[in-house]
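Values reported hereafter were calculated over all heavy atoms of this structure, with side chains retained and with hydrogens, waters and symmetry mates removed.
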Amino acid sequence: MNPGKLNKRITLQCPKSVRDDEGIVTEEWTDVDTVWAAVEPLRGREYFAAAAVNQENTVRFRMRYRRGVTARMRLLYNKRVFDIKSVIDVNERHQEMLLMCQEVNGFGSQDGSSGDGTTA
């Protein structure tokens, strides 16, 4: 891994269940860490669904190995949100990892929620 290519800052987030005063449980995203990474766009496509144009972008983030990163997490990069679809420990050497991610739509997640427990 060439450390000079890790020139973008990404923030890893994990979901956290929070109970409000009325006892309703919602999911909020909490920052875990901000790290250096390389950003490698892989593909993008537009498609029509429900009379709207939607975009789907797949991006690979390359970073130093960090224990505890899972596909339940997401990451923030350049004011954009990416769901982590797969976590790969390159050669299983615990030195470098690849995060295969999909950019979420403009609402903040692919299911239409804003990612903070509310819906748009």
Side-chain angles (χ1 to χ4, degrees):
M1 173 175 51
N2 180 352
K5 292 186 176 184
L6 305 180
N7 59 0
K8 307 292 186 217
R9 297 295 275 172
I10 63 171
T11 300
L12 298 167
Q13 294 186 321
C14 68
K16 179 181 177 184
S17 295
V18 177
R19 186 179 307 271
D20 67 12
D21 295 336
E22 297 173 2
I24 299 172
V25 177
T26 58
E27 190 173 82
E28 294 181 356
W29 291 95
T30 351
D31 291 354
V32 174
D33 201 3
T34 299
V35 299
W36 291 102
V39 180
E40 304 165 357
L42 298 177
R43 69 177 176 174
R45 74 178 180 116
E46 284 189 355
Y47 60 95
F48 294 93
V53 177
N54 295 289
Q55 289 184 297
E56 185 177 277
N57 294 319
T58 302
V59 179
R60 175 174 50 211
F61 292 87
R62 183 180 303 270
M63 59 182 266
R64 288 184 177 88
Y65 179 81
R66 186 182 195 292
R67 188 179 314 254
V69 177
T70 70
R72 290 197 63 233
M73 301 170 85
R74 73 177 189 182
L75 64 87
L76 305 178
Y77 165 66
N78 202 21
K79 298 184 181 181
R80 294 156 50 199
V81 179
F82 294 84
D83 286 335
I84 299 174
K85 297 299 182 183
S86 177
V87 178
I88 302 165
D89 178 3
V90 177
N91 298 322
E92 297 184 11
R93 295 181 65 196
H94 302 323
Q95 294 178 351
E96 173 184 16
M97 62 188 342
L98 300 175
L99 306 179
M100 305 305 290
C101 300
Q102 187 169 19
E103 185 173 9
V104 299
N105 65 29
F107 292 112
S109 80
Q110 294 169 337
D111 64 1
S113 67
S114 64
D116 62 2
T118 61
T119 54

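To the nearest 0.5 angstrom, Arg62 atom CZ is 12.0 Å from Met97 atom CE. Rounding to the nearest 0.5 Å gives a distance of 14.5 Å between NE2 of His94 and CZ of Arg66. Between Met63 atom CE and Leu98 atom CG the span is 10.5 Å, to the nearest 0.5 Å. Asp33 contributes atom CG, which lies 9.5 Å from atom CD1 of Ile10 (distance to the nearest 0.5 angstrom). Between the CZ atom in Arg60 and the CG atom in Leu42 there is a gap of 5.0 Å [rounded to 0.5 Å]. The distance from atom OG1 of Thr34 to atom CG of Leu76, rounded to the nearest 0.5 Å, is 8.5 Å.
Cation-pi geometry between Arg64 and Trp36 is not met at under 6.0 angstrom from the ring centre and within 45 degrees of the axis.
Ile84 is not listed as a side-chain neighbour of Thr70, based on a closest heavy-atom distance of 4.5 Å or more. The closest side-chain heavy-atom distance from Val59 to Glu40 is not below 4.5 Å. Pro15 has its side chain out of reach of Glu28: every pair of non-hydrogen atoms, C-beta onward, lies at least 4.5 Å apart. A heavy-atom distance below 4.5 Å is not found between the side chains of Gln102 and Asn57.
Sorted by first then second residue, the ring-ring contact (aromatic ring centres under 6.0 Å, His included) pairs that include residues 66-90, not counting sequence neighbours, are Phe61-Tyr77, Phe61-Phe82.
Scanning for side-chain hydrogen bond (donor to acceptor under 3.5 Å, both in side chains) contacts around Asp31 gives Gln13, with sequence neighbours left out.
Cluster annotation: Val32 and Val18 are assigned to distinct hydrophobic clusters (Ile/Leu/Val/Met/Phe/Trp/Tyr, side-chain heavy-atom contacts under 4.5 Å, transitive).
What you find for Cys101 and Leu75 is that their closest heavy atoms are SG-CD2, 3.7 Å. Heavy atoms only, all atoms of each residue included: Val87 and Ala71 are closest at CG2-N, 3.9 Å. In terms of heavy-atom proximity, Val25 sits nearest to Ser17 at CG1-CB, 3.9 Å.
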Item to complete: I would like to know whether Arg80 and Glu103 meet salt bridge (Lys or Arg N to Asp or Glu O under 4.0 Å); could you show each step before the answer?
Response: CA-CA 7 Å; Arg80 294 156 50 199; Glu103 185 173 9; 2.9 Å; yes

